[in-house]
Amino acid sequence: MLFFGHRFIESQKFYHVFDIDTILTTPPSSIIYVEFDETNLDIINYLQENAIKFALKVDNITQITYASALNAAYIVVEPSLAKTAQKIAENYLFDTKILAHIEDEDEIEELALLGIDGVIFPSAVVKVTS
């Protein structure tokens, strides 16, 4: 299981960007975090064109399939959608990893039993402003 933002497991940070200009202010080799939305397609296209590793926060099954087709390295979902997302990822052999966004360590056990690829805590996501 992957852990991002856990208090005693060192991990990479995800840099939450809101436009293309803010990507330029992130450290080299950063993982960019973007919420899936049609208004963010320019950011997603920029990330793809420049081979920048990124995570997409999605809200539903359709967006899960889009995130995979857009070559997101990580798909971030709420725990309630994690089991479905993982099943879809395994069924279609996604190259991307499913991460459940959690607030509390108590949620880890259930997600591990479901076979979810990993978890991401809020502390792993750094909001970037220009």
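Sorted by first and then second residue, the side-chain hydrogen bond (donor to acceptor under 3.5 Å, both in side chains) pairs involving residues 41-55 (not counting sequence neighbours) form an empty list. Each ring pair (Phe, Tyr, Trp, His ring centres under 6.0 Å) pair with one or both residues in residues 106-127, not counting sequence neighbours, appears once here: His6-Phe121. Annotation: ring pair (Phe, Tyr, Trp, His ring centres under 6.0 Å) contacts involving residues 87-117, sequence neighbours excluded, are absent. The salt bridge (Lys or Arg N to Asp or Glu O under 4.0 Å) analysis of residues 24-40, with sequence neighbours excluded, yields no pairs.
For Lys83 (side chain) and Ile116 (main-chain N/O), no donor-acceptor pair under 3.5 Å exists by modelled atom type. A donor-acceptor contact shorter than 3.5 Å links the side chain of Asp19 to the backbone of Thr22.
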Practice item. Begin with the C-alpha distance, continue with both residues' side-chain angles, and end with the deciding distance and a verdict on side-chain contact (heavy atoms from CB on, under 4.5 Å) for Tyr33 and Val17. Key: CA-CA 6 Å; Tyr33 181 98; Val17 300; over 6 Å; no
**Study point:** Ile23 vs Leu47, side-chain contact (heavy atoms from CB on, under 4.5 Å): CA-CA, chis, key distance, verdict
**Key:** CA-CA 9 Å; Ile23 295 169; Leu47 294 168; 3.8 Å; yes
Practice item. Dump the intermediate steps for side-chain contact (heavy atoms from CB on, under 4.5 Å) on Val119 and Leu2, then the final yes or no. Key: CA-CA 6 Å; Val119 295; Leu2 301 170; over 6 Å; no
Indicate every side-chain donor-acceptor pair of residues 66-79 with a distance under 3.5 Å to a residue at least two apart or in another chain.
{"from": "Glu78", "atom 1": "OE2", "to": "Lys57", "atom 2": "NZ", "distance (Å)": "3.3"}

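Residues satisfying the salt bridge (Lys or Arg N to Asp or Glu O under 4.0 Å) test with Glu105, not counting sequence neighbours, are Arg7. In this view, Gln86 and Glu90, Asp117 satisfy the side-chain hydrogen bond (donor to acceptor under 3.5 Å, both in side chains) rule, not counting sequence neighbours. Judged as a side-chain contact (heavy atoms from CB on, under 4.5 Å), and not counting sequence neighbours, Asn91 has no contacts. With sequence neighbours excluded, no residue forms a salt bridge (Lys or Arg N to Asp or Glu O under 4.0 Å) with Glu110. For Phe18, the ring pair (Phe, Tyr, Trp, His ring centres under 6.0 Å) test picks out His16, with sequence neighbours left out.
Residue Asp95 places its CG atom among 12 or fewer non-hydrogen atoms of other residues, nucleotides or ligands, all under 6.0 Å distant.
The hydrophobic cluster containing Leu111 also contains Phe8, counting ILVMFWY residues as joined when their side-chain heavy atoms lie under 4.5 angstrom apart, directly or transitively. There is a path of hydrophobic side-chain contacts, each under 4.5 Å, that joins Val128 to Leu24. Residues Val58 and Ile32 share a single hydrophobic cluster, defined by chaining ILVMFWY side chains whose heavy atoms lie under 4.5 Å apart. Put simply, Leu114 and Ile61 are part of the same group of oily side chains (I, L, V, M, F, W, Y) that touch within less than 4.5 Å, one to the next. Using a 4.5 Å cut-off between side-chain heavy atoms of Ile, Leu, Val, Met, Phe, Trp and Tyr, with links allowed through other members, Phe36 and Val34 fall into the same hydrophobic cluster.
Between Gly5 and Ser123 the shortest heavy-atom distance is O-OG, 2.8 Å. When all heavy atoms of Gln12 and Ile31 are compared, the closest pair comes out as OE1-CD1, 3.3 Å. The heavy-atom pair separating Leu56 from Ile44 by the smallest distance is CD2-CD1, 3.7 Å. Between Ile52 and Ser30, the shortest heavy-atom contact is CG2-O, 4.3 Å.
In this structure, the side chains of Leu81 and Ile64 come closer than 4.5 Å at one or more pairs of heavy atoms. Annotation: side chain of Ile102 is in contact with side chain of Ile108 (closest heavy-atom distance under 4.5 Å).
Grouped by direct or indirect side-chain proximity (heavy atoms under 4.5 Å, Ile/Leu/Val/Met/Phe/Trp/Tyr only), Leu93 sits alone.
Aromatic pair Phe4/Phe14: centroids less than 6.0 angstrom apart.
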